[in-house]
Visitor: 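Let me give you the structure first, and then I'll get to my questions.
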Amino acid sequence: MPEGSLVELLRGLAVMAEPPGAGHAAIAEALDLPGAPTAAEYSDVFLFQLYPYASVHLGVEGMLGGESRERVAGFWRALGLTPPAEPDHLAALVGLYASLSERMDCIVDDAERLLVDRARGALLTEHLTPWVFAYLDRVEELSGVVYARWASLLSQVLYSEIGARARRLGVEAAPGEASAHLRDMPSVPDPRLEPSGEFMDALLAPARSGVVLTRADLAKIAGTLDLGLRAGERRYALEHLLAQDAGGVLGALATESGRQAERHRSRRDRIPNVAAFFEARAGATAGLLQALASEVAASV
């Protein structure tokens with residue numbers, strides 16, 4: 001891990017989630033990244049494949065905004081801060097964590113220090129942990145070497161913070177409190193029992209399906225099954241794939257959901273409750289998709 005203070009490290013990592021600018025080369029060097037990202041690389045990762053917003057990954061709609069973004073904005077207000085234009089953007093949240101950590105270093109009063117530490121812990125457990133590790137895992141899988149290294153480094157730093165918090169609390173692992181974002185979160189409905197539109201929406205909402213499904217995943221499925229892939233939003237592309245080969249696509253989606261369930265399982269020792277929640281969701285999604293695929297195959 002690069003040398004330097006935690007605050008400097010976090011701020012550098014936060015900036016790297018923003019569009020590349022003049023200072024990115026120096027920051028990349030300080031972070032020991034293998035070069036600075038290009039605008040094209042940034043666009044492919046953050047604008048085309050993996051949106052770096054908590055609301056996309058924790059909202060019932062799986063889209064920008066909504067109740068999840070308002071909940072994050074409310075956290076900023078609770079700290080006495082004016083929420084930025086994009087309060088749930090990864091760069092904003094990591095930057096806020098850096099600022100709270102910096103305040104911790106400057107506070108002498110024990111009571112005030114405790115309050116700031118609690119705020120920092122709430123940010124980590126409530127608004128970052130429930131989505132950021134699965135998100136960064138997918139960035140590592142789908143991006144080039146620069147952003148893959150960035151994602152790995154940010155994961156290491158945040159896992160280290162979770163471990164440090166657990167040690168301060170005197171427990172073996174971070175408690176992984178159930179986030180308010182995930183309470184009462186509906187799962188993926190069975191399209192045989194409910195309108196199929198709801199099924200499609202839920203499948204593309206990570207908090208409901210447990211699966212981060214990207215355009216790259218759909219392209220891979222299309223290539224494997226020799227299907228045409230429609231450009232545009234994921235939903236339309238997925239609908240087009242299903243229209244061509246429903247059984248094959250459902251089976252491929254089931255396989256990917258099962259794979260991501262295993263990835264969630266691998267995080268259970270570090271973020272127990274969150275990982276268990278998403279593992280169960282992804283596993284249930286895999287089971288439903290496989291049942292649907294089998295039913296299609298039986299009807300042919």
Side-chain angles (χ1 to χ4, degrees), residues 48-51 53-68 130-131 134-135 138 142 178-179 181-265 274-300:
F48 192 67
Q49 299 290 353
L50 292 156
Y51 303 119
Y53 297 90
S55 55
V56 171
H57 297 272
L58 299 178
V60 67
E61 308 90 354
M63 300 172 64
L64 284 170
E67 184 179 346
S68 286
W131 70 281
Y135 173 83
R138 297 248 59 201
L142 298 175
S179 169
H181 291 284
L182 303 178
R183 291 177 198 147
D184 303 317
M185 180 63 64
S187 58
V188 177
D190 190 328
R192 296 167 295 188
L193 305 176
E194 299 184 35
S196 59
E198 176 74 6
F199 166 75
M200 294 290 288
D201 291 340
L203 190 61
L204 296 173
R208 299 185 67 176
S209 66
V211 179
V212 180
L213 191 63
T214 70
R215 288 180 175 85
D217 298 317
L218 298 181
K220 181 179 179 180
I221 290 171
T224 300
L225 298 176
D226 196 23
L227 305 176
L229 181 66
R230 177 177 292 175
E233 294 294 324
R234 290 176 303 157
R235 177 176 177 135
Y236 299 117
L238 180 54
E239 287 175 340
H240 186 59
L241 289 175
L242 288 168
Q244 296 172 76
D245 182 358
V249 172
L250 288 167
L253 290 172
T255 298
E256 176 59 22
S257 299
R259 187 190 73 84
Q260 291 195 33
E262 288 301 312
R263 296 299 301 157
H264 292 308
R265 179 190 291 271
V274 169
F277 175 91
F278 281 100
E279 180 192 351
R281 285 299 169 99
T285 298
L288 173 60
L289 290 166
Q290 189 57 60
L292 294 172
S294 298
E295 189 169 297
V296 171
S299 67
V300 175

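Given the structure is predicted, the values throughout are model-derived calculations rather than measurements.
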Visitor: Do any N or O atoms from the side chain of H264 and from the backbone of G210 form a donor-acceptor pair under 3.5 angstrom?
Guide: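 Present.
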Visitor: Look at E262 together with R265 and state whether they make a salt bridge at an N to O cut-off of under 4.0 Å.
Guide: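 A salt bridge is present here (some side-chain N lies under 4.0 Å from a carboxylate O).
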Visitor: With a 4.5 Å cut-off on side-chain heavy atoms, are L204 and S209 touching?
Guide: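 No, side chains not in contact.
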Visitor: Would you call R138 and D217 a salt bridge, using N to O less than 4.0 angstrom?
Guide: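 Result for this pair is yes, salt bridge flagged.
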Visitor: Taking R235 for its side chain and M200 for its backbone only, find out whether a donor-acceptor pair lies under 3.5 Å.
Guide: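 Answer holds: no.
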Visitor: Can you tell which of F278, W131, Y51 makes a ring-ring contact (aromatic ring centres under 6.0 Å, His included) with H57?
Guide: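 For H57, the ring-ring contact (aromatic ring centres under 6.0 Å, His included) test succeeds with only one of F278, W131, Y51, which is W131.
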Visitor: Between L238 and I221, is any pair of side-chain heavy atoms under 4.5 Å apart?
Guide: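 Result no, sub-4.5 Å side-chain heavy-atom pair not found.
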Visitor: Is any side-chain heavy atom of E233 closer than 4.5 Å to one of E239?
Guide: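 A side-chain contact is absent here, since even the closest heavy-atom pair is not under 4.5 Å.
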Visitor: Distance-only, no hydrogens or angles: does the R263 side chain make a donor-acceptor pair with backbone N or O of A134 under 3.5 Å?
Guide: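 Not confirmed, R263 side chain does not pair with A134 backbone.
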Visitor: Under 3.5 Å, side chain of Q244 to main-chain N/O of G228, donor-acceptor pair present?
Guide: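 Yes; judged by distance alone, with no hydrogens or angles, the pair exists.
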Visitor: Per the side-chain hydrogen bond (donor to acceptor under 3.5 Å, both in side chains) rule, what does the pair list look like for residues 281-300, sequence neighbours excluded?
Guide: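 Every side-chain hydrogen bond (donor to acceptor under 3.5 Å, both in side chains) pair that includes a residue of residues 281-300, provided the two are not neighbours, is R192-E295.
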Visitor: Measure the shortest side-chain to side-chain distance between V212 and Y135 over non-hydrogen atoms and say whether it is less than 4.5 angstrom.
Guide: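 No. Closest side-chain heavy atoms not under 4.5 Å.
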Visitor: Are side-chain heavy atoms of L292 and P191 found at a separation under 4.5 Å?
Guide: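 L292 reaches P191 side chain to side chain.
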Visitor: Of L213, L241, L288, which is the lone residue that meets side chain to side chain contact (heavy atoms under 4.5 Å, CB included) with L253?
Guide: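 For L253, the side chain to side chain contact (heavy atoms under 4.5 Å, CB included) test succeeds with only one of L213, L241, L288, which is L213.
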Visitor: Under a 4.0 Å threshold between the charged nitrogen and the carboxylate oxygen, would R208 count as salt-bridged to E61?
Guide: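 So E61 does not pair with R208 through a salt bridge.
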Visitor: State whether the side chain of E194 and the backbone N or O of F199 hold a donor-acceptor pair below 3.5 Å, judged by distance alone.
Guide: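 Checking the backbone N and O of F199 against the side chain of E194, no donor-acceptor pair under 3.5 Å is found.
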Visitor: Would you say L250 and V296 make side-chain contact, with heavy atoms under 4.5 Å?
Guide: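 L250 vs V296: side chains touch.
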Visitor: Quick check: do S257 and L289 have side-chain heavy atoms less than 4.5 Å from each other?
Guide: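 The answer is yes, as the side chains (C-beta and beyond) meet within the 4.5 Å cut-off.
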Visitor: Counting C-beta onward and ignoring hydrogens, is there a side-chain heavy-atom pair between V274 and F277 closer than 4.5 Å?
Guide: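 V274 vs F277: side chains apart.
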Visitor: For S68 and S55, indicate whether the former's side chain and the latter's backbone hold a donor-acceptor pair under 3.5 Å.
Guide: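 No, because the side chain of S68 does not come within donor-acceptor range (under 3.5 Å) of the backbone of S55.
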